[in-house]
Amino acid sequence: MSLKRTLIAALLPVALVLGSATDARADGYERVLNGTFSDTKSPWWSSGNTPSGVDLGRLCAAVPAGTVNPWESMIGQNDVPLEAGQAYTLRFTASATRDVTARAVVQTTASPIATTLNKPVALTSTPKAFQFVGTSTVATRHGQVSFQMGGATQAYTICLDDVSLIGGVIPPGGGWTYGSPVRVNQHGYLASGAKRASVVSNATEPVIWSLRDNTGAVVTSGSTTVHGADPMSGDHVHIADFSAVRQTGSDYTLSVGADVSEPFDIAAKPYDQLRRDSLEYFYHNRSGIPIEAKYVGTSYARVAGHIGVAPNKGDTAVPCLPGECDYTLDVSGGWYDAGDHGKYVVNGALAAWQLMDLYERSLIRLDFEGLRDGLLAIPENGNRVPDVLDEARWEVEFLLKMQVPAGKPLAGMAHHKIHDLAWTAHPMLPGNDPQPRYLHKPSTAATLNLAAAAAQCARIWLLWDPAFAKRCQAAAETAWQAAKANPAIYAPREDGVGGGPYDDTNVTDEFSWAAAELYAATHKREYLDAITTQLTPTGFSWKDTGGLADLTIARLPLLFPAGKVLAARHRVLQVADGHVADLKGQGYPNPWRPADGQYVWGSTSATANAAVIMATAYDLSRKPVYRDAVLESMDYLLGRNGLNQSFISGYGERASENQHHRHWSHQLNPALPNPAAGSLAGGPNSGLQDPVAQQNLPGCAPAKCYIDDIGSWSTNEVAINWNSALAWVSAFADTI
Ligand code: 9MR
């Protein structure tokens with residue numbers, strides 16, 4: 001506990017005695033979310049045998065008879081923050097359809113369990129208000145408030161309302177410190193590239209910085225330029241520029257007064273390992289194949305997931321959701337999307353496309369490393385095919401399996417996704433997932449993304465495996481025809497239980513992107529005419545793929561009419577200029593700046609994809625400004641940001657290590673590993689959609705809405721489309 005907090009804690013009883021009206025802490029801070037059940041149950045849950053729902057603004061649950069222990073039938077809320085030594089007051093109103101005694105509990109859930117309070121509650125049919133006080137012996141972000149009804153001899157219904165837990169001295173969203181105000185790329189700077197740091201300082205005049213080597217000797221000094229207020233982080237920022245230093249070395253530090261940055265390297269090739277680690281992320285997350293210790297080491301090795309072996313219910317013969325089709329498909333293989341075990345065609349196609357694009361860039365720029373068989377620790381690393389293509393093929397094979405078979409309704413369309421019926425608990429190794437899995441109905445967006453990736457596959461694999469290329473081409477053209485015949489089948493936003501929705505109701509962009517790839521593969525006029533979108537400052541994402549048409553055209557100047565190529569190149573440069581301006585206009589070097597000031601879910605991928613566009617501009621123009629901006633974007637991802645946080649696990653002193661993932665769950669079970677090195681966290685997200693973010697980040701500045709906690713799926717998940725962007729940029733950064 002910091003001195004300041006110790007003082008606050010010591011003074012708290014005085015404040016309570018005096019009843020200070022001005023001290024918000026005298027009343028304590030609310031620690032549960034949604035205690036009034038105004039319209040939704042979330043984030044409250046109940047045991048599987050205790051179905052519950054919101055009824056007239058209360059949470060009511062059907063308690064079964066026949067259990068023995070209190071905890072065998074529960075209603076609860078997790079991730080409630082508790083502070084050691086602080087008193088908490090639990091209040092609620094409850095009733096039951098029989099006269100029963102339940103228990104009200106505040107405790108931690110991991111052993112050894114620390115109990116703040118555990119009280120009997122006598123319930124009748126008349127709602128009654130209860131109040132209990134207890135003191136927490138531990139500090140945790142993962143306390144639990146629960147109502148335990150197990151042991152009932154007869155079934156009954158319990159209803160709860162106005163649940164409140166008040167206490168603690170750290171305000172919600174407060175108590176954050178971000179370490180040194182001197183913010184650097186904590187991994188390392190390219191010796192021949194730009195080297196800048198951001199310094200949080202309220203000074204309105206430049207301040208002196210010093211660069212020290214790992215002996216502590218000052219290498220050089222200079223003074224900052226005052227950038228000023230940075231609206232996205234809320235910080236007042238200076239910039240220190242030490243680009244002139246080219247001497248390689250490890251553990252340099254940058255200091256301003258007594259403040260010292262995290263250590264960093266200056267290296268000739270700082271990104272060679274990251275380009276491989278970020279690609280090996282995909283092998284780690286493969287479905288349908290054992291992940292072998294000889295490639296990943298013993299702590300990451302695991303059995304194959306979802307190959308029809310119990311307790312798995314998939315993925316070798318997966319039915320549709322009831323009533324939606326009369327067949328099953330073998331959809332084994334592919335990559336798990338993210339922290340969940342879902343597999344989604346929209347996103348999978350984008351990620352596979354980005355890896356194939358990375359390969360193609362390597363081919364065109366003669367980056368032999370990117371073409372190397374043996375680059376990665378994967379089973380196919382001796383098959384004389386570039387490893388990055390092997391990895392992409394693992395996903396493309398899965399995408400092809402998601403197509404509706406000939407002779408069936410909607411033949412040629414792609415099923416939108418396959419995933420568990422309900423969300424599985426954490427931790428959960430893929431092979432242990434017991435949930436039934438279903439194909440969800442086809443969508444136009446999935447069909448077109450499949451068409452795009454399969455067309456690109458057809459072009460690229462001609463060189464390596466013509467038979468596979470032919471299969472890809474047939475799948476792509478069939479998908480295109482099917483999408484044209486069914487141009488408006490949209491995946492619903494509500495379909496988000498057990499898997500994400502990847503919903504999208506505008507597929508103009510998907511048509512256009514697929515058309516660009518199909519034209520490159522076939523040269524059929526029909527496709528050329530169907531390219532209707534352009535790259536714009538909003539770039540591209542899984543939902544907005546229109547800009548990718550221009551990237552494909554710019555990548556393949558010999559395959560498109562000259563007029564289209566010139567226009568696409570012009571737009572790439574123009575959009576890249578906008579990103580460079582946004583990067584330079586911010587206190588921390590983020591080329592992505594949201595027009596509405598709100599950071600999005602997966603914002604680090606928006607940064608990485610903006611860097612992809614600037615990198616493409618560099619490839620087209622060879623202007624150093626683009627190259628430097630890409631490198632500075634890496635600085636942002638690797639720690640030069642408002643949080644002093646590297647979002648890439650294993651890279652930097654303060655790197656994300658608790659990303660939301662079903663089995664990289666060390667935070668929940670020390671026997672399991674942290675995310676593998678090179679895994680990109682989603683990053684700051686103003687939406688705060690998960691309870692951990694809601695508890696700990698309210699009021700955050702957009703660029704600071706991030707918490708490295710496994711429970712924060714809306715700020716700290718990993719995902720294939722985010723790592724594909726990271727892999728692309730890392731490979732680029734390794735070749736310039
Ligand atoms: O990356 C997706 C983000 O753009 C959406 O806002 C969010 C909510 O729909 O879903 C994200 O994707 C998640 C997917 O739905 C399920 N697997 C995990 C993905 C990353 O969080």
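Atoms within a ligand are numbered from 1 in the order they appear, just like the ligands themselves.
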Inset, instruction - Starting from atom 4 (O) of ligand 1, locate the nearest protein heavy atom and write down its residue, its atom name and how far away it is, to 0.1 Å. - result: Trp542 NE1, 2.9 Å
Inset, instruction - Please work out which of Trp601, Trp722, Trp713, Tyr502 has its closest non-hydrogen atom nearest to atom 5 (C) of ligand 1. - result: Trp601
Inset, instruction - Verify whether the ring centers belonging to Tyr344 and His416 lie closer than 6.0 Å. - result: no
Legend entry - Nearest protein heavy atom with distance in Å, relative to atom 18 (C) of ligand 1: Glu717 OE2, 3.2 Å
Legend entry - Parallel, tilted or perpendicular: ring planes of His426 versus His660, cut at 30 and 60 degrees: tilted
Legend entry - atom 15 (O) of ligand 1: the protein heavy-atom neighbour that sits closest, reported with distance to 0.1 Å: Gly500 CA, 3.1 Å
Legend entry - Distance (rounded to the nearest 0.5 Å) between Glu510 CD and Leu450 CG: 12.5 Å
Inset, instruction - Give the numbers and elements of all ligand 1 atoms closer than 4.0 Å to a heavy atom of Asp340. - result: 16 (C), 17 (N), 18 (C)
Inset, instruction - Considering only NZ, NE, NH1 and NH2 on the basic side and carboxylate oxygens on the acidic side, decide whether Asp315 and Arg437 come within less than 4.0 Å. - result: yes
Legend entry - salt_bridge(Arg286, Glu391) N-O dist < 4.0 Å: yes
Legend entry - Min N/O separation Asp503 to ligand 1 under 3.5 Å: no
